[in-house]
Amino acid sequence: MREWSQRELVAQAMDARERAYAPYSGYRVGATLLGKSGRVYTGCNVENAVYPLCTCAERVAVVKAVSEGERGFVALAIVTENGGAPCGSCRQVLREFGEGIVVLIADATGDYRETTVAELLPDSFSAADLD
Ligand SMILES: [Zn+2]
């Protein structure tokens, strides 16, 4: 796999955040997902007047990637106003594709902290439990 830059991935997530559709919460989120191919998939949260139909930025990025044939991921970056972490649903969706995925959690200034899916979702349920 080629070299990649954490700061660049965060910067791209900041750009994706500009496209967030969040008229209800006002909480805009941008995400970038780096595939093992080297491709980057972006996502933003997409809200709906029927609140349960809101989709998180992270899951938008995952769905875009998988629908384009990518299933292996190196890292995910998310950007929110205050550095909020991925919700539980997104943690489980990411877990489906690996525990080792690096997760960069950034605030609107671009400051970020680094963690992993395994750290965000310990003792998780996965495909291995279905064998
Ligand atoms: Zn989420």
Side-chain angles (χ1 to χ4, degrees):
M1 188 195 62
R2 69 182 174 87
E3 289 292 314
W4 61 282
S5 159
Q6 293 188 347
R7 291 216 167 274
E8 178 61 23
L9 204 62
V10 169
Q12 289 175 292
M14 291 174 78
D15 289 342
R17 182 171 177 258
E18 297 299 315
R19 298 188 287 277
Y21 178 71
Y24 307 106
S25 73
Y27 195 77
R28 296 181 303 131
V29 185
T32 44
L33 182 64
L34 174 62
K36 288 184 175 174
S37 70
R39 278 190 67 182
V40 172
Y41 304 87
T42 61
C44 63
N45 53 331
V46 181
E47 295 186 344
N48 192 285
V50 179
Y51 290 1
L53 298 180
C54 295
T55 305
C56 298
E58 303 94 309
R59 277 181 282 156
V60 169
V62 168
V63 167
K64 285 171 71 175
V66 173
S67 70
E68 294 184 26
E70 185 112 42
R71 294 182 178 176
F73 304 110
V74 177
L76 171 95
I78 68 161
V79 177
T80 64
E81 181 64 32
N82 58 356
C87 77
S89 294
C90 288
R91 294 176 193 208
Q92 183 64 46
V93 167
L94 289 165
R95 171 62 187 90
E96 181 69 18
F97 299 99
E99 289 184 293
I101 300 168
V102 171
V103 180
L104 307 174
I105 301 171
D107 65 23
T109 72
D111 283 341
Y112 68 91
R113 64 186 175 94
E114 177 181 348
T115 185
T116 64
V117 168
E119 289 174 352
L120 289 171
L121 193 67
D123 198 23
S124 61
F125 186 88
S126 73
D129 293 301
L130 298 175
D131 285 347

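Ligands are counted one by one from 1 in listed order, and the atoms in each one are counted from 1 as well. Throughout, residue positions are numbered sequentially from 1 according to the sequence presented.
For the residue pair Gln6 / Tyr112, a side-chain donor-acceptor distance below 3.5 Å is found, with atom types taken as modelled.
At a threshold of 4.0 Å, the pair Arg17-Glu81 counts as salt-bridged, since one of the basic side-chain nitrogens sits closer than that to a carboxylate oxygen.
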Could you list the donor-acceptor pairs under 3.5 angstrom formed by side chains in residues 92-100, with sequence neighbours left out?
residue : atom : partner : partner atom : Å
Gln92   : NE2  : Phe125  : O            : 3.0
Arg95   : NE   : Ser124  : OG           : 2.7
Arg95   : NH2  : Ser126  : OG           : 3.1

Quiz: residues 21-29 side-chain donor-acceptor pairs under 3.5 angstrom, not counting sequence neighbours:
residue : atom : partner : partner atom : Å
Ser25   : OG   : Tyr27   : N            : 2.9
Ser25   : OG   : Glu47   : OE2          : 2.4
Tyr27   : OH   : Thr80   : OG1          : 3.3
Tyr27   : OH   : Asn82   : OD1          : 2.6

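Neighbours of the Zn ion (ligand 1) restricted to protein N, O or S atoms under 2.8 Å: the count is 3.
Glu114 is linked by a salt bridge (charged side-chain N to carboxylate O under 4.0 Å, His left out) to nothing, counting only residues two or more places apart in sequence or in another chain.
Residues Ile78 and Leu33 share a single hydrophobic cluster, defined by chaining ILVMFWY side chains whose heavy atoms lie under 4.5 Å apart.
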